[in-house]
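Just below is one structure, and these are the notes that go with it.
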Amino acid sequence: MNFELAPPIGVGPLHIGMSRREADSALQSLREPTDVSPSDRPGQHIFRPSGLMISIGCTRDRLESVEFGRPSNSSDAVLFRGIDVFALPAREVVRRMTALTTIAADPDDPASFVASDLLLSFWRPFEADDEPDEEQGYYFTTVLLARPGYYDGPGQTDA
């Protein structure tokens, strides 16, 4: 299954700003009914048979973020305008994103990148751009799509 990131709207049935109940129902609809993971946590996250993790974050009873964790096989893909954020090396994702928007290394974690105009962030635990066998550093491990204001500092968020 392909999951197309569509900031600031959301991804698939998960729409930023929907109620917690609606978000949980939408999250449950993304499960594979014949292969439910024992690691699933209603209202928090699910794991698809590919290993793709889908997590929701709610504040004040509203969906404010959707996070995806890298799958272990290619039966699920997370895309942004044709860029497969988990199948391509992190360096290539950043290069392609740069053609679309401003994307910058996180000042607190230079192995991770934020495209704040698009409300997207890309994370990996460490940088290993020249070492494809080191998957956790060569590829992004998670991508997060957030609500407007999510990346603003304290007191600057859209309430």
Side-chain angles (χ1 to χ4, degrees), residues 1-32 37 39-41 43-60 62-125 127 129 135-152 157-158:
M1 176 180 278
N2 287 343
F3 295 89
E4 184 70 39
L5 301 170
I9 298 164
V11 56
L14 293 163
H15 296 191
I16 298 297
M18 68 189 337
S19 74
R20 179 183 298 272
R21 178 179 290 156
E22 293 169 324
D24 184 44
S25 179
L27 181 65
Q28 296 307 313
S29 77
L30 298 173
R31 293 171 92 181
E32 180 58 52
S37 170
S39 299
D40 288 359
R41 297 290 174 261
Q44 295 178 12
H45 61 260
I46 65 164
F47 287 85
R48 293 191 36 86
S50 68
L52 179 74
M53 185 236 7
I54 307 170
S55 177
I56 57 173
C58 295
T59 302
R60 292 185 223 124
R62 296 287 168 204
L63 180 64
E64 74 168 8
S65 65
V66 180
E67 183 175 25
F68 289 88
R70 188 168 189 261
S72 53
N73 69 51
S74 61
S75 62
D76 286 322
V78 178
L79 307 166
F80 178 73
R81 297 186 188 168
I83 301 168
D84 188 329
V85 302
F86 293 133
L88 294 171
R91 181 183 289 183
E92 180 65 13
V93 171
V94 171
R95 188 187 71 71
R96 291 183 185 194
M97 290 295 296
T98 300
L100 302 171
T101 191
T102 301
I103 184 168
D106 183 324
D108 298 323
D109 183 2
S112 301
F113 290 80
V114 177
S116 56
D117 291 347
L118 292 175
L119 308 164
L120 294 173
S121 65
F122 303 86
W123 182 82
R124 56 188 169 163
E127 185 177 4
D129 286 340
E135 287 189 22
Q136 289 187 3
Y138 191 68
Y139 298 98
F140 284 117
T141 307
T142 65
V143 62
L144 182 123
L145 182 150
R147 67 165 170 75
Y150 188 88
Y151 295 106
D152 295 343
T157 59
D158 300 337

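Position 1 is the first residue of the sequence, and the numbers go up from there.
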Check: So, do Leu120 and Thr101 sit near enough that their side-chain heavy atoms are less than 4.5 Å apart?
Finding: no
Margin query: Among Phe113, Tyr138, Tyr139, exactly one meets side-chain contact (heavy atoms from CB on, under 4.5 Å) together with Arg124. Which residue is that?
Written below: Phe113
Notebook entry, point to check: Who are the side chain to side chain donor-acceptor pair (under 3.5 Å) partners of Glu22, not counting sequence neighbours?
Noted result: Ser19
Note to self: I'd like to check Leu144 versus Ser65 (side-chain heavy atoms, cut-off strictly below 4.5 Å). Are they in contact?
What the structure shows: yes
Checklist line | Distance in Å, Thr142 OG1 paired with Glu67 CD, rounded so as to fall on 0.5 Å steps | finding: 4.5 Å
Margin query: Which heavy atom of Ser50 sits nearest to which heavy atom of Asp76, and what is that distance?
Written below: OG-OD2, 2.6 Å
Check: Mind checking whether Leu30 and Leu14 have side chains closer than 4.5 Å, heavy atoms only?
Finding: yes
Notebook entry, point to check: Should Leu118 and Phe80 count as side-chain neighbours, where that means a heavy-atom distance under 4.5 Å?
Noted result: yes
Notebook entry, point to check: So, for Val114 and Ser121, which heavy atoms are closest and what is the spacing to 0.1 Å?
Noted result: CG2-CB, 4.1 Å
Next item on the list: Give the ring-plane orientation class for Phe3 versus Phe68, where under 30° counts as parallel, over 60° as perpendicular and anything between as tilted.
Entry: tilted
Next item on the list: Mind running side-chain contact (heavy atoms from CB on, under 4.5 Å) on Leu145 and Tyr150 for me, showing each step along the way?
Entry: CA-CA 9 Å; Leu145 182 150; Tyr150 188 88; over 6 Å; no
Note to self: I need the Arg70 CZ to Gln136 CD distance, nearest 0.5 Å.
What the structure shows: 9.5 Å
Next item on the list: Mind checking the CD1-CD1 spacing from Ile9 to Ile16? Nearest 0.5 Å is all I need.
Entry: 10.5 Å
Margin query: Looking at Phe47, is its backbone amide N or carbonyl O close enough to the side chain of Asp40 to form a donor-acceptor pair, meaning the two atoms are under 3.5 Å apart?
Written below: yes
Note to self: I'd like to check Arg62 versus Arg147 (side-chain heavy atoms, cut-off strictly below 4.5 Å). Are they in contact?
What the structure shows: no
Next item on the list: Side-chain contact test, heavy atoms from C-beta onward, threshold under 4.5 Å: evaluate it for Leu119 versus Pro148 and give yes or no.
Entry: yes
Notebook entry, point to check: Under the ring-ring contact (aromatic ring centres under 6.0 Å, His included) test, which residues partner Phe86, sequence neighbours left out?
Noted result: none
Check: Any side-chain donor paired with an acceptor under 3.5 Å for Trp123 and Asp109?
Finding: yes
Next item on the list: State the CG-CE distance between Leu88 and Met97, to the nearest 0.5 angstrom.
Entry: 12.0 Å
Item checked: Distance, nearest 0.5 Å, that separates CG of Asp117 from CG of Leu100 -> 12.0 Å
Next item on the list: Please report the shortest heavy-atom distance between Asp84 and Ala77, naming the atom on each side.
Entry: OD2-CB, 3.6 Å
Margin query: Give me the atom names and distance for the closest heavy-atom approach of Gly43 to Asp24.
Written below: N-OD1, 2.6 Å
Check: What are the two closest heavy atoms between Thr59 and Arg20, and how far apart are they?
Finding: N-NH2, 4.4 Å
Item checked: Gap separating the CZ atom of Arg41 from the CD1 atom of Ile56, nearest 0.5 angstrom -> 14.0 Å
Check: Is a side-chain N or O of Ser25 found less than 3.5 angstrom from the main chain of Arg21, in a donor-acceptor match?
Finding: no
Next item on the list: Output yes when a side-chain donor or acceptor of Glu4 lies under 3.5 Å from a complementary backbone atom of Val11, and no otherwise.
Entry: no
Next item on the list: Kindly say whether Leu63 contributes a backbone atom to a donor-acceptor pair with the side chain of His15 at under 3.5 angstrom?
Entry: no
Item checked: Cys58 to Ala23 - nearest heavy-atom pair and separation -> SG-CB, 4.4 Å
Notebook entry, point to check: Would a 4.5 Å heavy-atom cut-off, applied to side chains only, mark Met1 and Leu52 as touching?
Noted result: no
